[in-house]
Amino acid sequence: MSTSIKRKISYTGNIEFSELKITEPSSYAAGIPGIKAALEHVSKESGLFRSLNTLSRMNQKEGFDCPGCAWPDPDTPSKLGEYCENGAKAIAEESTFERVDSTFFRKYSVEEISTWTDYQIGKSGRITEPFVLRPDSIHYEPISWTDAFQLIAEQLHALNIPDEAIFYTSGRSSNEAAFLYGLFIRAFGTNNMPDCSNMCHESSGVALSETLGIGKGSVVLEDLHEAEVIMVIGQNPGTNHPRMLSALQKCKENGGKVITVNPLSESGLNRFKNPQQLSGIIGRGTQLTDIFLQVKINQDVSLLKLIMKRLAQREKNGESVFDHDFIQDKTNGFDALLADLDKHDENQLLELCGVDSSQVELAVDLLAKKSKIIICWAMGLTQHKNGVENIKECVNLLLAKGSIGKKGAGTCPVRGHSNVQGDRSVGIMHHVSDPLNKALKDVFEFDPPNHEGLDTVNAIQAMRQGKAKVFIALGGNFVSAASDTIYTAEALENCDLTVSISTKLNRTHLTAGKTALILPTLGRTEQDQERFVTVENSMGKVHQSKGRLKPASNQLKSEPEIIAEIASTYFGESSAIDWDILGKDYDLIREKISEVLTGYKDYSNRSKGSGFYLPNNTREADFSKLPEGKAQFSICKLPDHQLSEDEFILMTVRSHDQFNTTIYGLNDRYRGIYGERRVIFMNPDDIKEKGLKPLQVVDITSNYSGKLRRAENFKVIPYDIPTKNLCAYFPETNVLVPIDLYAEKSNTPASKSVIVKIEAKQL
Ligand SMILES: Nc1nc2c(c(=O)[nH]1)N[C@H]1C(S)=C(S)[C@@H](COP(=O)(O)OP(=O)(O)OC[C@H]3O[C@@H](n4cnc5c(=O)[nH]c(N)nc54)[C@H](O)[C@@H]3O)O[C@H]1N2
Ligand SMILES: Nc1nc2c(c(=O)[nH]1)N[C@H]1C(S)=C(S)[C@@H](COP(=O)(O)OP(=O)(O)OC[C@H]3O[C@@H](n4cnc5c(=O)[nH]c(N)nc54)[C@H](O)[C@@H]3O)O[C@H]1N2
Ligand SMILES: [Mo]
């Protein structure tokens with residue numbers, strides 16, 4: 001074996017500024033600028049005709065599932081194609097004409113590519129064939145598929161125990177790929193299956209399982225149309241789930257009201273001009289938010305307690321507010337909740353949450369009278385130290401109002417990646433599930449490991465400490481997505497082998513182990529012979545997805561094929577499972593899924609057309625699996641942030657032009673930012689108090705557990721954000737998120753509450 005060199009990799013890339021232009025934040029979402037932006041992105045990347053043809057297939061019954069978010073499709077999609085601006089950008093990104101081929105890697109070393117920004121790296125294009133980075137080299141070079149699989153098998157066999165391998169999953173993989181991957185990993189002998197969920201809705205999963213008995217939401221799309229009140233907390237749907245705006249619009253048309261809880265007044269939640277309606281193009285659009293509660297970062301528990309305290313007070317005054325029959329029959333712990341609310345001081349709660357008392361009263365008024373209430377939430381609640389309790393507090397409100405298990409009411413954690421929920425449902429999970437293990441043993445005749453595996457945070461620690469030596473990723477961009485970029489990069493570089501099954505080049509390919517492989521795969525939009533795959537949307541509906549475009553290269557393999565070949569090369573003749581056949585025949589994979597898991601009967605057939613819903617106990621108000629067969633109220637603590645005079649609390653969010661670590665462009669149109677990502681949003685009073693000026697250049701530092709972290713070069717943007725609160729984009733700010741700062745119970749990195757200081761840059 002060749003000697004291993006230390007490569008000189010930049011973990012963050014170029015931090016120079018580009019051309020910043022700022023305007024007032026947009027007063028509405030979508031409309032003509034949305035259509036224009038969509039067309040610009042698609043025609044630049046892959047030609048206008050090809051793109052329009054592709055867009056018209058998106059989210060149609062015979063088409064492919066949008067590789068963007070997991071928002072469900074209506075049963076009768078629009079003839080125009082059920083897509084949105086950001087879905088169009090996701091397609092453009094995948095169907096680009098740019099290519100990362102052997103010429104590209106001969107020209108650029110990993111050292112050089114690492115100095116580029118994530119935006120530049122992503123724009124390099126689609127990967128055309130398998131590549132290897134040898135221990136003594138700084139250039140990827142082509143390798144045959146057979147040799148690549150052989151290399152993986154050798155390294156896996158060389159481990160002392162299976163737990164020295166880590167198998168990451170991002171959320172774009174189909175159910176078929178994810179099931180096969182989980183099957184191989186367990187047959188190999190480990191539960192080390194960190195996935196992007198760990199950084200995302202893990203807090204929701206934990207909170208909902210403990211309180212309602214299922215780690216998923218309870219509503220379906222029609223419930224949103226019927227709801228009397230929808231609360232949107234800690235979520236920016238205008239950018240991240242644009243098609244949700246149509247559902248909010250329908251709710252409004254039916255007389256419903258929308259309460260928004262957010263430190264920022266996000267344009268997408270204000271006025272919405274639906275691009276698929278004439279009135280949305282030439283009219284004024286629909287005002288979505290009725291009541292805006294501008295909460296301070298991570299003070300949602302204080303706000304929700306205040307709302308419930310005032311509701312309880314009304315009840316004491318003789319108003320009928322809570323659903324006592326539901327509380328009596330279906331829940332546990334309501335009296336304790338009331339007693340806890342009594343202990344809290346109204347003024348303290350008001351001060352903590354920072355919301356105007358009269359605004360809170362408007363919300364209380366509405367909630368008191370209505371019972372068809374839905375709470376939608378996303379990363380603004382999950383990515384805090386008390387992420388799990390944030391969600392439990394939402395469940396408290398819904399339970400008290402009897403807003404669970406009935407039409408037009410319930411929980412709506414709005415998922416991220418298009419199939420993150422499906423991947424979990426079919427077995428990507430670092431925890432041990434006894435029923436799953438038993439079923440796998442019955443169907444496949446092996447003993448799955450019955451000890452817990454590693455999640456994302458713990459997997460990084462294990463690689464860092466040399467306890468894990470092989471890292472395999474089914475999609476994603478681990479180094480840029482995970483917290484503490486430098487720490488995570490060093491952990492990956494510590495591995496003997498890192499393998500990325502990817503569509504496009506990203507930073508994780510550069511923070512490579514001693515040896516690294518890139519295995520290129522088909523994207524969601526591309527033809528996979530005549531096969532189709534299936535995915536599960538945010539509301540638990542499983543349906544098929546079939547790509548139509550010509551693949552980016554004739555050397556790509558599908559994800560199931562790659563996984564099957566890794567497995568068959570590793571096991572050779574010694575496995576009872578016929579991996580080669582499974583890798584070819586997705587109907588057979590689906591048959592096996594239906595034998596192992598409940599809810600997938602007649603899977604292939606039922607997934608055609610508009611698909612089928614998986615069982616969901618909360619939807620039926622069935623809590624029989626919980627203690628005493630009841631849904632559980634929870635007592636949640638107030639978050640405790642002791643900020644010193646010069647400290648701020650920073651939330652790291654998405655701009656309008658990115659999908660996680662994939663940067664589509666440099667604009668954040670709704671927030672009025674153009675041409676630059678290294679910006680920090682700050683309250684004008686704080687800017688003044690610190691003696692700073694708008695657009696001044698600063699560094700952001702965090703000092704957690706005695707370790708100083710620094711993100712350099714950000715321009716200060718005066719913005720309507722609560723004082724002592726800051727906002728900046730990830731992944732640029734992930735260097736600041738401490739590896740050991742994560743949510744209790746779910747281990748989700750607390751990337752929305754990083755304590756930081758601002759240092760004016762000496763230029
Ligand atoms: N176009 C596009 N679509 C996407 C993605 C993308 O990157 N681009 N990512 C996908 C993925 S994986 C996910 S998980 C989702 C993410 O969807 P979101 O969760 O909407 O994404 P974020 O940008 O992280 O936005 C968090 C929102 O929460 C608010 N917030 C932050 N902290 C707090 C808080 O303490 N309290 C409250 N009440 N609000 C807070 C922020 O102001 C912001 O509006 O989107 C999915 N869809
Ligand atoms: N600071 C901070 N950090 C965060 C967050 C935050 O809000 N703040 N959000 C977190 C969240 S919610 C999430 S979900 C994670 C996301 O974490 P990841 O899922 O790991 O990251 P992505 O950026 O979505 O991954 C993009 C890469 O996936 C590959 N890819 C795209 N499509 C496919 C496909 O069809 N198949 C395969 N095999 N590969 C494909 C491409 O190579 C692309 O470069 O990031 C988390 N990190
Ligand atoms: Mo996510």
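As the structure lists them, so they are numbered: ligands from 1, and atoms in each ligand from 1. Starting from 1, each residue takes its place in the sequence as its number. Keep in mind the model is a prediction, meaning the values are calculated, not measured.
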Note: N506, heavy atoms under 4.0 Å from ligand 2, region reported as side chain
Using the benzene-type ring in the case of Trp, are the ring centres of F659 and H417 under 6.0 Å apart?
yes
Are there over 12 heavy-atom neighbours, none belonging to K385, within less than 6.0 Å of that residue's NZ?
no
May I ask you to list the atoms of ligand 2 that are less than 4.0 angstrom from any heavy atom of Y168?
17 (O), 18 (P), 19 (O), 20 (O)
Contact check: G476 vs ligand 2, nitrogen or oxygen atoms, below 3.5 angstrom:
yes
Which of the atoms of ligand 2 are close to G475, meaning less than 4.0 Å from one of its heavy atoms?
37 (C), 38 (N), 39 (N)
For ligand 2, which atoms, with element, lie under 4.0 Å from some heavy atom of T521?
36 (N), 37 (C), 38 (N)
At less than 4.0 angstrom from any non-hydrogen atom of E559, what atoms of ligand 2 do you find?
34 (C), 36 (N), 37 (C), 38 (N)
Suppose I only count heavy atoms of I501 and a 4.0 Å limit; which atoms of ligand 2 are within that range?
37 (C), 38 (N), 39 (N)
For K216, enumerate each residue passing the salt bridge (charged side-chain N to carboxylate O under 4.0 Å, His left out) test, keeping only those at least two apart in sequence or located in another chain.
E536
Just jot down the salt bridge (charged side-chain N to carboxylate O under 4.0 Å, His left out) partners of R424, sequence neighbours excluded, or say none.
D195, E202
Please determine if E93 and K123 form a salt bridge, counting it only when a charged side-chain N lies under 4.0 Å from a carboxylate O.
yes
Residues lining ligand 1 [heavy-atom distance under 4.0 Å, listed by chain and residue number]:
C69, N86, C200, I233, G234, Q235, N236, T239, N240, H241, V261, N262, P263, L264, E266, V295, I297, N298, D300, A378, M379, G380, H384, G416, H417, M651, V653, R654, Q658, F659, N660, K752
Out of all atoms in ligand 2, which are within 4.0 Å of some heavy atom of S502? Include the element for each.
39 (N), 42 (O)
Give the ring-plane orientation class for Y729 versus F681, where under 30° counts as parallel, over 60° as perpendicular and anything between as tilted.
perpendicular
Would you list the pairs meeting salt bridge (Lys or Arg N to Asp or Glu O under 4.0 Å) in which at least one residue belongs to residues 726-741, sequence neighbours left out?
R677-E732
Judging by distance only, is a nitrogen or oxygen of N477 under 3.5 angstrom from one on ligand 2?
yes
Mind checking whether F131 and F105 have parallel, tilted or perpendicular rings, split at 30° and 60°?
perpendicular
Any ion pair linking K557 and E565 (charged N to carboxylate O, less than 4.0 Å)?
yes
Hey, what's the ring geometry for F478 with Y168, parallel, tilted or perpendicular (30° and 60° as the breaks)?
perpendicular
